[in-house]
Undergrad: 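Below you will find the structure I want to go over with you.
Starting from 1, each residue takes its place in the sequence as its number. As the structure lists them, so they are numbered: ligands from 1, and atoms in each ligand from 1. Keep in mind it's a predicted model, so treat the numbers as computed, not measured.
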Amino acid sequence: MAVTLWATMAVSLLSAQVRKEIYLNKGWSFQRGDIKGAEQPDFNDQNWQKINIPHDWAITGPFDKEIDKQTVAITQNGETIPSEKTGRTGALPYIGVGWYRTTLPKESLAGRRASIIFDGAMSEARVYINGKEVGFWPYGYNSFHFDITPFLGVEGENVLAVRLENQPESSRWYPGAGLYRPVRLLFTNEIAVVPWGLSVTTPVVSDSLAQISIKAELNAHQNKKLRAVTTVLDQKSHVLLTKEANLVWRGIPIEENLILERPALWSPERPALYLAKIELYDGDRLVDVDSVRFGIREVKVNAHGGFMLNGKSRKIKGVCLHHDLGPLGAAINKAALKRQLLIMKEMGADAIRTAHNMPSPWQMELCDELGLMVMAESFDEWKAAKCKNGYNRFFDEWAERDLVNLIRCHRNHPSIVMWSIGNEVPEQSMDGGNRIAKRLQDICHREDPTRPVTIGMDRVDNAIANNFAALLDVPGLNYRTHRYQTAYDKLPQGFILGSETASTVSSRGVYKYPVQPYQQKTYPDAQSSSYDLESCSWSNLPEEDWELQDDKPWVIGEFVWTGFDYLGEPTPYDQVWPSRSSYFGICDLAGLPKDRYYLYRSKWNQEAHTLHLLPHWTWSGKEGDTIPVYCYTDFPEAELFVNGVSQGRIKKNPASKLDRYRLRWNKVVYQPGTLKVVAYNENGAIAQEKEVHTAGKPSGLRLSADRNQLIADGVDLSFITVEVIDSEGNLCPDAAIPLSFTVEGSGSFKAVCNGDATSLEPFHIPQMKTFNGKLVFIVQAVEKKGAIRVKVSGAQLKSERMTLEVE
Ligand code: GAL
């Protein structure tokens, strides 16, 4: 990645003279409330809160049951009678108006153009410069930009103000609130590539050569004569190809085609990247330099090969991700995004779906670099409402503009392998729904002829009967594993994608008895069992998807709901306070893996073995009771021992859904001591062993940081996992101990989360109770090199310290 940075920097030094992008992250003032009307130039913001962006005004809470309490029937969940839903949008104060103001940096404007680019603003953004409205963008998830040249004063201060407004009942989950993604200012000369105007496609891809087509849309006078120098560089900034052409600007994008021999192809396994650069000359004067990173790869879907990347069929091993970052809320942070993606990659995932909306450019850059394919989604709602005040209010007027922005902003990311124009839209069952689907898909094809288009469909029979499903490039089914065969038989495409799968629910470290599969199961403590046998009335267990993928060549993979728990949508506890975040995650809200993580890892991760035992083995008072033991492993066979006594050597059994992918000992009788599993490989030889011990009393803490070295940039993060342990170092699996955190030196405390979906403790106060023995707290580097000294303390526990370096 360092090399990529160098390549980017080399180009940006050259381009800095003609094109300057300024990231407006600091020096903002923020005010909540019912401030109405247009911004006044002399508005006094002295007493406003001083903040940096990305910023989420609602994440500090407090949680409140009354916030956005919705009395609704969630029809897509099969409900017909309205009932009171608390916590549906996270019970956090996202509703209302927020104003942001900042003074723009001084820049010589003579002969220059200025644009302001938002990667996303939640929501209904009205942008003002010096009190005058520049533009409006309602959809909170999309990137948008405005030309602000005519609004800027040539001399003196230019004040940028943004008014955001979030309506109640506008979302099915926590949307976040505020300028939660970057805002950038772009200065160019009068003649320049327009924002998002540079695009790269690779129409021919093979191991021996690739055609690289570079297109640029310019701002220039008609018939202006220019010279363009187009260059392709590798990740080490070596110039690989270059071409020069004289041209006359006629209002249609200029295009240059270059042939690269022996290209390094982009794939999740080897995410090779290149840089395309264009220099524009007016006579001998350099007027613009723009560049964009790209990858060389080919995406195809058809009945013959299913989903193919670079000519090879593969089944997508994907997860759906909501945009929030747990305790950080919606305010994005590169280190936090990267951590999420690395956790998913380590599990063996090769794809994400940005459910149900436009991703952030930062996240897509990371997917390019780390090697994760992306289904980039747009809408959860078209014209027919799912939420009273949702996107339906804007669909007619804005849908095309929103799709265009999604595609223009993101089309150069090799990671994006398909666009999604919607999720479970009611139009599947409505007259004319197919026409809307066709129109949206056509817009995608017009803007980007290189990628297929999909929709997540849940009303399978209607979508088939209405010729809705048949017209899509990729028919995506959400759940409904029992309808896959019908859909395959009736649809013309010849393959089916599991656009959304599983929705198994669990709480980390919680085990319920008796152990058996349930749907919509609830318990008095508002938790779900981590034996991974509980789902919703519409959803299923991981195995049901895997059987289809393994047995039907035409199932092209899946996107599991979801990689991480997210704020809001606390199914199956939608009506139970204080549940305020989801139970669907493979990892909890803190990013800690639940048992399910290892189930997916055992199937997906081809690089490393998995051997995981559940439950824990500390069951005081249950001596003599039956405690089923499960092992999630890629090995075909294993033997389990309790205190040295064999509980049987068993093999995976393809004839039984649950025993095909898990090893289960259902009749183990609990005795404190040691639970041990010995795994055997295909040849019957011992391959690996694992032990779990009964824990004693909590005596200390174990800290482990995801990163011990941070960058002194004021935003970098380290996620420190804290475990309560006994004197032997065993995790105390039911410890609920209040901890407090001090952070000194070159960092500060940022947030804490224990993954308990019912916790009302705020994330931003440096104290929290462990949930089932664990939590994660987050430390942020300041802009000064040095050491961060961290101390974690809890009553009757030896406190623990850790030092991180900031460089
Ligand atoms: C799906 C929906 C998701 C989420 C999920 C929960 O129907 O697309 O957004 O609500 O159900 O199972």
Undergrad: With heavy-atom distances below 4.0 Å as the criterion, list the atoms of ligand 1 near Phe584.
TA: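 Answer for ligand 1: 6 (C), 12 (O).
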Undergrad: Among all protein heavy atoms, pick out the one at the shortest distance from atom 9 (O) of ligand 1; state its residue, atom name and that distance to 0.1 Å.
TA: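 Checked against all protein heavy atoms, atom 9 (O) of ligand 1 sits closest to His356 NE2, 2.5 Å.
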Undergrad: Do NZ/NE/NH1/NH2 and the carboxylate oxygens of Asp545 and Lys315 come within less than 4.0 Å?
TA: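 Answer for the salt bridge query: no.
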Undergrad: Considering the heavy atoms of Ser503, write down every atom of ligand 1 situated less than 4.0 Å from one of them.
TA: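 Listed by number with element: 6 (C), 12 (O).
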Undergrad: Between Tyr141 and Phe379 (judged by ring centroids, cut-off 6.0 Å), do the two rings come close enough to count as a pair?
TA: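 Judged by ring-centre distance (under 6.0 Å), Tyr141 and Phe379 do not meet the cut-off.
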Undergrad: Do the charged groups of Glu346 and Arg601 touch, with an N to O distance under 4.0 Å?
TA: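 Yes, this pair counts.
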Undergrad: Is ligand 1 under 4.0 Å from a heavy atom in the side chain of Asp380, in the backbone, in both, or in neither?
TA: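 Neither part.
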Undergrad: At the 4.0 Å heavy-atom cut-off, does Asn423 count as touching ligand 1?
TA: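 Checking ligand 1 against Asn423, which is what was asked, there is a heavy-atom contact under 4.0 Å.
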Undergrad: Counting non-hydrogen protein atoms only, what is the nearest one to atom 5 (C) of ligand 1? Give residue, atom name and distance.
TA: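 Result: Glu500 OE2, 3.4 Å.
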Undergrad: In terms of side-chain geometry, is the basic nitrogen of Lys594 or Asp565 positioned less than 4.0 Å from the acidic oxygen of its partner?
TA: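 Yes.
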Undergrad: Tell me the protein heavy atom at minimum distance from atom 10 (O) of ligand 1, and give that distance in Å.
TA: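 Residue, atom and distance for the closest contact: Glu569 OE2, 2.4 Å.
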Undergrad: For the ring pair Trp137 and Phe394, is the centre-to-centre distance below 6.0 Å?
TA: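 No - the distance between ring centres of Trp137 and Phe394 does not fall below the 6.0 Å cut-off.
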Undergrad: Do ligand 1 and Trp561 have nitrogen or oxygen atoms that lie under 3.5 Å from each other?
TA: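 No.
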Undergrad: May I have the step-by-step check of side-chain hydrogen bond (donor to acceptor under 3.5 Å, both in side chains) for Asn392 and Glu381, ending in yes or no?
TA: CA-CA 6 Å; Asn392 63 82; Glu381 224 178 73; 2.6 Å; yes
